[in-house]
Amino acid sequence: MTLHLYNTLSRDKEEFVPVDPDRVTMYVCGPTVYSYAHIGNARPAVVFDVLVRLLRHLWPNVVYARNITDIDDKINAAAQEQGVEIGVITEKFEKIYLADMAAIGVTGPDIDPHATDHIPEMIAMMEKLIAEGHAYAAEGHVVFDVPSFPEYGGLSRRDQDELLAGARVDVAPYKKNASDFVLWKPSTPDLPGWGSPWGRGRPGWHLECSCMIEKHLGRTIDIHGGGIDLVFPHHENEIAQSTCAHGGDTFVRYWLHNGFVNVDKEKMSKSIGNVLLVHELLKQAPGEAIRLALLSAHYRQPLDWTDDGLAQAVKMLDRLYGALRTLSDVDADPSAEPDEAFLRALGDDLNTPQALAALFELARQANTAEDPADKARVKSALLKSANLMGLLTQDPEDWFAGDDEDGDGPDADEIEHLIQARKDARGAKDFAEADRIRDDLAAQGITLEDGADGTKWRRG
RNA sequence: GGCCCGGUGGGAGAGAGGCUAUCCAGCGGAUUGCAAAUCCGUCUACACCAGUUCGAAUCUGGUCCGGGCCUCCA
């Protein structure tokens with residue numbers, strides 16, 4: 001199969017051809033760790049997790065890096081507010097981020113570079129940019145000279161003259177041009193700082209990605225991903241820094257950007273108070289359902305997050321796991337290939353909704369198959385395909401057993417015991433007693449399903 | 001203002017010049033002691049107006065509406 005990806009650079013779907021098929025490289029802008037991850041942070045993590053799984057299916061060696069931004073003004077503010085070192089904040093929230101992402105099926109990247117571990121690389125890149133006339137030092141700052149890079153604005157299709165003329169923010173006095181951006185800024189004694197040729201200071205936001213990509217992945221990488229809001233200025237600035245530091249070498253070949261998550265049709269914002277934390281959502285639904293809800297729309301489309309959408313994702317998983325459950329009498333072939341239609345959908349710019357449709361077609365086949373060989377084939381394809389999206393990763397019985405959150409519901413043994421009692425009652429044609437047992441269980445959130453091979457149950 | 005996206009059935013959401021997307025919900029049937037699950041069938045669609053075409057939800061132009069970015073942002 002061929003993989004086609006929508007490249008923000010060309011605003012077109014292109015066939016993905018890695019520069020080196022033996023080492024496919026991908027970098028994704030990760031979190032700034034100063035608070036809990038919200039559902040909008042989770043989207044790129046999940047989307048690019050699916051992409052890296054697909055890449056690994058197609059190529060033998062994929063190197064995936066996702067950074068941790070651990071120095072930033074918001075982090076500094078949080079640290080000052082709480083009267084602690086920034087490391088206290090960043091270590092805490094990095095752990096939480098990783099745990100929350102793991103809960104929604106996001107496996108860690110191969111490399112997770114931290115900004116503060118790359119200060120020497122940043123200084124080296126700034127020295128090089130200054131030496132080549134692409135940056136200048138002024139008042140303790142190091143500033144990128146945007147007009148020195150004529151292609152600036154190419155990714156976001158912005159006209160440099162307009163950028164120069166139309167800056168809506170007051171232009172800092174140390175900048176030569178309104179569109180210039182800061183690579184390094186001076187720190188006051190109460191702020192974190194590192195020694196540099198320009199005095200004690202700290203990095204601006206954009207430089208870390210350029211340096212970490214160069215160090216860990218190389219001068220030219222295949223894929224760079226992130227949220228669509230990063231196109232300008234963040235990725236535009238990365239292109240400027242890296243291209244100028246590398247004598248004009250191509251920096252990134254395919255730029256991928258995911259759409260925003262809105263909440264009930266509104267943009268998430270602290271002022272509206274509608275910021276949904278993954279941490280909180282995990283109390284509302286299983287992580288796998290959150291993952292599926294994020295994948296139920298195409299990654300480039302805006303996604304409107306609603307309680308109803310999450311509830312629907314749970315039902316979709318009920319259906320898929322239900323199909324898997326009917327196939328519990330056959331074994332899946334671990335060496336099987338994913339379903340063809342499913343792969344084709346993912347290969348078409350990660351069309352996850354269409355890939356899900358292929359999964360549901362397999363589920364229908366699972367529910368109608370009778371021949372054991374057929375069942376085994378369907379089960380293998382369903383599992384292989386779904387796993388490629390990070391779905392159907394648990395045993396169906398565990399999915400249906402659910403979480404007895406309050407701990408006041410009946411446990412599996414009790415349920416099995418009652419099912420046996422009901423079976424006895426049914427055998428004696430005492431349907432009143434059988435129905436009483438079933439109704440009792442239903443009142444405790446347990447649904448029974450009678451099948452040819454006995455009675456199954458599920459919570460919820 | 002500049003640049004860029006969208007408007008699909010009751011809801012979510014793909015697709016795309018002629019062929020059932022899919023899921024949830026509804027309705028009818030099968031199955032079931034009755035249910036649940038499942039299967040089969042089925043009703044509401046492609047914002048509006050022109051144009052191109054044998055044929056347009058899909059292409060072109062325009063109109064209306066909504067959203068994003070324009071140096072905090074995933």
Side-chain angles (χ1 to χ4, degrees), chain A residues 8 11 28-32 37-48 72-74 77 146 153 156-159 161-163 165-169 171-172 178-182 204-206 225-234 236-237 257-262 265-270 292-293 296-298 300-304 306 308-320 322-323 325-326 341 345 348 351-361 363-364 366-368 400 426 429-432 434-435 438-439 442 446-452 455-458:
Chain A
T8 306
R11 308 282 153 112
V28 171
C29 287
T32 301
H38 56 66
I39 190 66
N41 296 312
R43 193 178 193 189
V46 168
V47 164
F48 293 107
D72 159 280
D73 286 348
K74 289 190 292 287
V146 167
S156 55
R157 309 236 163 149
R158 248 158 255 260
D159 187 66
D161 295 337
E162 281 174 21
L163 286 170
R168 66 174 187 182
V169 175
V171 179
S179 54
D180 290 353
F181 58 92
V182 172
W205 169 37
H206 314 294
I228 191 152
D229 54 313
L230 299 182
V231 172
F232 187 89
H234 185 53
E236 200 72 74
N237 292 356
H257 294 97
N258 63 273
F260 252 62
V261 178
N262 296 316
K265 310 229 191 258
E266 279 189 298
K267 183 168 170 171
M268 255 190 291
S269 83
K270 281 183 183 160
L292 178 53
S296 64
H298 184 90
R300 282 192 282 117
Q301 293 303 127
L303 177 77
D304 190 36
T306 60
D308 190 51
L310 183 54
Q312 281 202 23
V314 173
K315 292 203 161 198
M316 287 186 197
L317 284 167
D318 277 341
R319 182 166 171 80
L320 293 175
R325 190 184 221 184
T326 65
D348 181 15
N351 192 331
T352 52
Q354 202 162 68
L356 285 170
L359 251 32
F360 285 110
E361 168 57 21
R364 195 190 58 77
N367 288 327
T368 50
F400 287 116
R426 292 176 76 204
K429 301 270 184 220
D430 185 357
F431 294 121
D435 289 352
R438 187 173 63 196
D439 291 346
I446 309 295
T447 307
L448 298 187
E449 292 172 17
D450 294 333
T455 297
K456 295 181 187 300
W457 62 275
R458 60 151 116 186

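The sequence lines fix the lettering, A, B, ..., with proteins before strands; numbering per chain opens at 1.
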N/O donor-acceptor pair under 3.5 Å between A:Asp304 side chain and A:Lys265 backbone: yes

Check: [X] side chain, [N] base, donor-acceptor under 3.5 Å:
X: A:Arg438; N: B:A35; value: yes
X: A:Asn351; N: B:G15; value: no
X: A:Arg319; N: B:C24; value: no
X: A:Gln312; N: B:G11; value: yes

Atom pair distance, as rounded to whole Å: CG in A:Asp435 and C1' in B:U32: 12 Å

Look at the side-chain N and O atoms of A:Lys315 and state whether any lies under 4.0 Å from the OP1 or OP2 oxygen of B:A25. yes

Give a yes/no on whether any side-chain N or O of A:Lys267 is located under 4.0 angstrom from OP1 or OP2 of B:C69. yes

Taking only the side-chain heavy atoms of A:Phe260 (C-beta and beyond), determine which of B:A12, B:A21, B:C73 contains the nearest atom. B:C73

G-U wobble or Watson-Crick pairing nucleotide for B:A25 (cut-off 3.5 Å, both distances): none

Between B:G17 and B:C59, how far is it from one P atom to the other, in whole Å? 8 Å

Where does the angle between the aromatic ring planes of A:His206 and A:Phe181 fall among parallel (under 30°), tilted (30 to 60°) and perpendicular (over 60°)? perpendicular

